[in-house]
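Input: a single structure, listed below in structure tokens.
Proteins come first, then strands; the chains are lettered A, B, ... in the order of their sequence lines, and each starts at number 1.
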Amino acid sequence: MTAFLQIEEARRRFGGVLALDSVSLELAAGELTALIGPNGAGKTTLFNLVAGALAPTAGRVLFQGRPVTGAAAACRQGIARTFQNVRLFGGMTVLENVLVGMGGHGFWAGALPWPAGHRAETRRRRAAYFLLERFGLDAYAERQAAGLPFGVQRVAEIARALAAGPKLLLLDEPAAGLNRTETRQLELLLRQIHREGVTLLLVEHDMPLVMSLARRVVVLDCGRIIADGTPDVVRHDSRVRAAYLGGDAHG
Amino acid sequence: MTPPRAPSWWRIYRGPLVLLAVVLVAPWLPWGRFGYLVPLLQLAGIYTLLATSLTLLLGMAGQISLGHAGFFAVGAYTAGVAATVWHWPSGVAALAAVLAAGLVALLCGGMVLRLRGHLLALATLCLGVILYELILKSSLTGGAAGLYDLPEWRVPGRLGAGPAGGFYLVWGAAWLALAWLAHLSASPAGRALRAVRDDEAAAAALGVDVFVLKLKAFVASAMLAGVAGVLYAFVHSPSYLGPEEFGLTTSVLLVMMAVLGGLNSPWGGLVGALAVMALREGITLVADQCGFSGAARIEQLVYGLILILLLTRAPQGLVPLWRRVCCRAGDS
């Protein structure tokens with residue numbers, strides 16, 4: 001049986017730096033996994049490999065048995081992501097941002113005014129609007145993304161990623177820059193998304209959030225996986241404590 | 001708030017409809033002693049087409065080209081050479097010219113579109129210079145001497161003899177390009193292009209094939225410039241086609257028109273081209289009226305100063321400036 005997400009001996013080198021050193025990891029459908037580790041451990045690199053934004057130097061990444069070959073291809077396979085620093089399309093409205101996730105980008109198909117295209121666009125706009133409504137963002141639908149409060153931009157980016165209808169959602173530090181109330185709301189939101197059948201993999205530094213949200217925690221240090229298990233097991237792992245105390249002690 | 005619908009047809013196409021009416025009426029206005037402006041407006045139509053091709057590439061897709069006069073040249077010279085040297089029927093020559101511009105863009109775009117920002121600007125600048133030099137040095141194109149006696153296109157029938165004969169052809173093409181851009185801008189494809197402009201990595205993560213989309217926009221833009229080239233050769237200046245019009249100066253002028261008009265509106269190219277042409281003509285006219293003999297010398301100076309002023313006072317372009325003024329007038 002093919003795994004939902006399978007990372008096999010993935011290695012990634014940037015010049016002289018080995019950011020990931022033969023990482024193997026399997027995710028089953030419906031998991032809610034957190035990826036943690038000190039700064040520079042290779043979390044974002046691993047994310048970029050799964051999202052197809054980077055190709056592994058060696059090894060491979062399979063999603064539902066098929067190799068991930070590029071960012072756009074990964075999206076079509078059912079992998080969506082958010083970015084560490086929110087990357088909304090600043091010159092567009094929140095609604096338009098979500099609409100980009102809804103597809104229909106064909107250049108020549110969009111080049112002529114067919115009635116069918118117009119109807120499909122109305123369908124997409126409705127779907128995008130209902131998505132925003134669900135996230136409590138409908139009031140911001142027609143506002144330009146660049147000027148919005150950071151917390152709103154975070155949630156809008158998650159909504160945009162969900163617009164692509166992913167099976168696997170990668171969240172790169174979704175709680176970074178959010179206050180306590182916003183983090184609490186984010187947790188509820190992520191639980192809801194997970195309940196609806198989306199597999200979640202998140203990189204996160206906010207340990208209370210990780211420990212209460214994730215069912216499984218994978219710890220990365222210096223490009224290797226040093227622990228993998230339930231939050232309780234990982235919390236008491238001696239190597240994890242050493243990694244955090246030796247490097248960045250805020251965990 | 002009710003769920004939004006796709007922009008209505010009226011909202012997308014009211015602009016093009018108004019423009020169509022203006023274009024149809026323009027040659028028949030009582031121009032009087034300003035009759036010489038009609039051929040000038042015809043040239044403005046060709047520049048509108050060129051500036052609009054850059055509105056598509058630079059404004060929507062966010063990719064600069066400082067070599068667009070090169071595609072303009074490929075269009076004009078392919079049409080000219082095919083018609084005068086190889087004696088192809090002018091319609092076939094025109095079609096070949098537009099395809100040639102697209103083909104050159106496809107081949108070069110595959111290389112240069114991997115670059116970004118300053119590097120892309122430099123690469124396209126070199127591309128424009130190479131194309132210009134090829135035309136200047138080739139024996140086929142007549143080199144610096146140019147080509148003579150190209151086929152002349154006019155509107156068929158009695159209309160063709162009047163001032164509208166070429167005007168309608170040029171502005172018909174410009175109108176089609178503008179209407180198409182207005183449509184594209186409101187379509188999902190236009191949205192994907194703007195997404196690429198704002199953030200390539202995020203666009204790719206949402207399933208947009210960034211490179212392919214950039215290449216398509218580049219080819220479409222070059223083909224529009226190619227159409228402008230055909231119109232220049234067969235409609236505007238069929239008696240003589242020389243290389244002067246296709247150098248770096250023109251490439252820069254086109255970027256200026258697109259930026260001056262406003263990159264965020266499909267109408268930017270039209271407004272920018274008309275503004276620059278009007279400015280140039282206005283300065284000459286005023287200088288003549290004042291009996292100032294050094295007009296030719298001071299013209300460039302004043303023209304440059306006004307453009308700098310406009311770009312600093314309205315960096316978003318004239319279209320948003322106009323909207324702002326209108327809104328303010330509506331509020332009070």
Side-chain angles (χ1 to χ4, degrees), chain A residues 48 51-53 70-76 79-83 86-92 95-113 115 117-130 133 138-139 141-142 145-146 157 160-161 163-164 170, chain B residues 1-13 16 56 59-62 176-177 179-221 223-224 263-265 316:
Chain A
N48 282 331
C75 177
R76 281 190 289 270
I79 302 175
R81 72 171 298 178
T82 64
F83 293 86
V86 174
R87 292 171 79 164
L88 289 175
F89 305 118
M92 298 161 71
L95 185 73
E96 284 177 313
N97 265 278
V98 172
L99 279 165
V100 174
M102 299 247 161
H105 309 133
F107 185 77
W108 306 121
L112 291 170
H118 193 256
R119 282 196 298 272
E121 175 69 359
T122 295
R123 265 200 308 278
R124 275 192 288 266
R125 280 188 180 246
R126 279 169 191 240
Y129 182 78
F130 287 132
E133 211 171 35
D138 44 324
E142 300 293 343
E157 202 193 23
R160 185 181 71 177
L170 307 170
Chain B
M1 186 180 149
T2 51
R5 305 173 61 84
S8 69
W9 292 55
W10 171 243
R11 224 178 103 190
I12 301 176
Y13 299 112
L56 164 65
M60 289 178 72
L176 277 177
W180 175 65
L181 202 67
H183 162 75
L184 186 74
S185 171
S187 79
R191 201 156 54 219
L193 283 169
R194 284 194 295 272
V196 168
R197 176 195 68 191
D198 284 358
D199 190 328
E200 287 190 12
L206 291 166
V208 179
D209 278 309
V210 173
F211 181 73
V212 174
L213 196 62
K214 281 201 280 189
L215 190 58
K216 283 175 181 167
F218 195 61
V219 169
S221 173
M223 285 169 81
L224 281 182
L263 289 172
N264 281 318
S265 160
Q316 296 294 310

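- Of the listed residues (Ala51(A), Ala80(A), Gly104(A)), the one with the most heavy-atom contacts under 4.5 Å to chain B is Gly104(A).
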Between Arg191(B) and Met102(A), does a side chain to side chain contact (heavy atoms under 4.5 Å, CB included) hold up when you go through it step by step? CA-CA 11 Å; Arg191(B) 201 156 54 219; Met102(A) 299 247 161; 5.8 Å; no
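- Chain B forms more heavy-atom pairs under 4.5 Å with one residue of Gly103(A), Ala128(A), Cys75(A) than with any other, namely Cys75(A).
- Inter-residue side-chain proximity for Phe107(A) and Asp209(B) is flagged as unmet; no heavy-atom pair is nearer than 4.5 Å.
- Arg81(A) forms a cation-pi arrangement with Phe83(A), by the criterion of a distance under 6.0 Å to the ring centre and an angle within 45° of the ring axis.
- Per-residue heavy-atom pair counts under 4.5 Å with chain B were compared for Gly117(A), Gly101(A), Ala74(A), Ala71(A), and the maximum is reached by Ala71(A).
- Using a 4.5 Å cut-off between heavy atoms, Arg76(A) contacts chain B through its side chain alone, with no backbone atom that close.
- With a 4.5 Å cut-off on side-chain heavy atoms, Arg197(B) and Met60(B) do not count as touching.
- Taken from CG in Leu206(B) to CG in Asp199(B), the straight-line distance is 9.5 Å, to the nearest 0.5 Å.
- Looking only at heavy-atom pairs under 4.5 Å with chain A, the residue among Val212(B), Val210(B), Val208(B) that has the most is Val208(B).
- With a 4.5 Å cut-off on non-hydrogen atoms, Arg119(A) does not touch chain B at all.
- Heavy-atom pairs under 4.5 Å with chain A were tallied for Ala186(B), Gly190(B), Ala205(B), Ala220(B); the largest tally goes to Ala205(B).
- Not one N or O on the side chain of Ser185(B) forms a donor-acceptor pair closer than 3.5 Å with the backbone of Ala182(B).
- Looking only at heavy-atom pairs under 4.5 Å with chain A, the residue among Ala202(B), Ala192(B), Ala217(B) that has the most is Ala202(B).
- Around the CD atom of Gln316(B), the shell of radius 6.0 Å holds no more than 12 heavy atoms that belong to other residues, nucleotides or ligands.
- Neither the backbone nor the side chain of Leu181(B) comes within contact range of chain A; no heavy atom of the residue lies under 4.5 Å from a heavy atom of that chain.
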